[in-house]
Participant: 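Supplied in structure tokens, the structure appears directly below.
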Amino acid sequence: MATAIIVAAGSGERLGAGGPKALVEVAGRPMYEWSVIACEDSSRIERTVLAVPPGEAESFTVAAAVVVEGGATRSESVAAGLEVAESDIVVIHDAARPMVTPELFDAAISALAGDPDLDGVIVAAPVSDTVKQVGPDGLVSRTLDRSELMAARTPQVFRREALVKAFAGGDLASATDDASLVEAAGGRVAAIELPGPNPKVTWPTDLDVVEALFARSRGRVPDWRVRGC
Ligand code: C5P
């Protein structure tokens with residue numbers, strides 16, 4: 001069984017919500033609750049840790065999760081959660097991706113648990129744009145081979161030992177995801193393809209997209225989505 005760390009300590013500045021992004025309502029509930037409910041309904045997650053903005057713990061009233069104060073960067077928030085995660089497998093997920101499902105958590109955990117040679121498994125999506133490397137002078141220096149590229153998403157699942165080692169020696173300030181720290185520490189990380197949409201809410205228009213996706217699934221909403229936390 002695994003522990004999930006939901007990172008929800010972002011400020012929401014780019015969203016312009018005037019408060020923590022994770023508290024912004026999506027499809028009728030604060031955004032972070034969707035991820036907590038999906039963890040609760042995962043058959044492989046036994047404990048959920050929620051990293052919240054410092055001083056905001058009282059705004060996150062959720063019985064299903066242990067609440068810890070996050071840090072100034074995403075990696076610091078993960079590190080705060082990691083301090084109270086004791087299981088051999090640790091799942092990390094952005095509260096800003098409310099469309100995660102219990103099935104997606106379970107698939108990523110099973111992929112790691114089933115391969116003893118792996119230190120981590122991430123969910124990722126094939127890249128549909130052509131990606132260019134652009135220099136500071138604005139000139140394109142290289143066109144990357146799209147067939148080899150995937151965009152990293154969350155959840156990302158790791159052996160606790162590998163994650164602790166990666167965070168202890170890693171450059172937390174510049175890491176944009178957890179797998180990059182494990183890779184830098186010499187860990188083996190596999191990517192599995194994301195089966196459905198799981199967009200990250202960053203800008204106000206992302207909220208419109210996620211609301212529309214939730215609305216489209218209304219009427220065939222799985223039982224676990226209807227339940228409360
Ligand atoms: O800022 P961004 O959208 O990339 O953040 C991704 C996730 O990391 C969000 O769920 C956000 O709440 C979380 N985060 C955090 N602590 C921070 C910054 C971001 O938990 N200091």
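Whatever order the structure lists ligands and atoms in, that order sets their numbers, starting from 1. Quantities reported herein were computed from a predicted structural model and do not represent experimental measurements.
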Participant: Ignoring hydrogens, just give me the one of D94, D206, T73 whose non-hydrogen atom is nearest atom 7 (C) of ligand 1.
Facilitator: D94

Participant: Could you check atom 14 (N) of ligand 1 against the protein and tell me its nearest heavy-atom contact, residue, atom and distance included?
Facilitator: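 Minimum-distance protein heavy atom for atom 14 (N) of ligand 1 reads G10 N, 3.5 Å.
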
Participant: In terms of atom number and element, which parts of ligand 1 are under 4.0 angstrom from non-hydrogen atoms of K21?
Facilitator: 2 (P), 3 (O)

Participant: Heavy atom of R14 under 4.0 Å from ligand 1?
Facilitator: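 Yes, R14 has a heavy atom closer than 4.0 Å to ligand 1.
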
Participant: Would a distance-only check, ignoring hydrogens and angles, find a side-chain to backbone donor-acceptor pair under 3.5 Å from K21 to V201?
Facilitator: yes

Participant: Nearest heavy atom to atom 4 (O) of ligand 1 wins, so pick from K200, E13, R74.
Facilitator: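 Considering heavy atoms of K200, E13, R74, the nearest to atom 4 (O) of ligand 1 sits in K200.
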
Participant: Any donor-acceptor pair under 3.5 Å linking the side chain of R159 with the backbone of L112?
Facilitator: yes

Participant: Taking N or O atoms only and a 3.5 Å limit, does V201 qualify as a polar contact for ligand 1?
Facilitator: no

Participant: Of all heavy-atom pairs between A113 and R44, which one has the smallest distance, and what is that distance?
Facilitator: CB-NH2, 3.7 Å

Participant: Which residue and atom name correspond to the protein heavy atom nearest atom 20 (O) of ligand 1, and how close is it?
Facilitator: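 Checked against all protein heavy atoms, atom 20 (O) of ligand 1 sits closest to A9 N, 2.9 Å.
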
Participant: Verify the neighbour count for atom CG of D88: are there more than 12 heavy atoms of other residues, nucleotides or ligands below 6.0 Å?
Facilitator: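 Counting neighbours around CG of D88, 12 or fewer heavy atoms of other residues, nucleotides or ligands fall under 6.0 Å, so no.
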
Participant: Looking at R74 and T154, what are the two nearest heavy atoms and their distance?
Facilitator: NH2-CG2, 3.8 Å

Participant: With atoms numbered from 1 as shown, which atoms in ligand 1 lie under 4.0 angstrom from a non-hydrogen atom of A72?
Facilitator: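 Under 4.0 Å from A72, ligand 1 has these atoms: 21 (N).
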
Participant: Heavy-atom contacts with G71 under 4.0 Å: which atoms of ligand 1 show up? List them by number with element.
Facilitator: 17 (C), 21 (N)

Participant: Examine distances only and state if a side-chain atom of R160 and a backbone atom of A85 form a donor-acceptor pair shorter than 3.5 Å.
Facilitator: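 Checking the backbone N and O of A85 against the side chain of R160, a donor-acceptor pair under 3.5 Å is found.
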
Participant: Might you confirm whether atom CD of E161 has over 12 heavy atoms from other residues, nucleotides or ligands at distances under 6.0 Å?
Facilitator: no

Participant: Can you name the atoms of ligand 1, numbered from 1 with element, that are less than 4.0 Å from a heavy atom of S77?
Facilitator: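 Taking each heavy atom of S77 in turn, ligand 1 has 15 (C), 16 (N), 17 (C), 20 (O), 21 (N) under 4.0 Å.
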
Participant: Can you tell me how far CD1 of I6 sits from OG of S35, rounded to the nearest 0.5 angstrom?
Facilitator: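 That separation rounds to 5.0 Å.
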
Participant: Among all the protein's non-hydrogen atoms, which is closest to atom 10 (O) of ligand 1, and how far away is it?
Facilitator: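 Atom 10 (O) of ligand 1 sits closest to the protein heavy atom V7 O, 2.7 Å.
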
Participant: Would G70 count as a contact of ligand 1 if the rule is a heavy atom under 4.0 Å away?
Facilitator: no

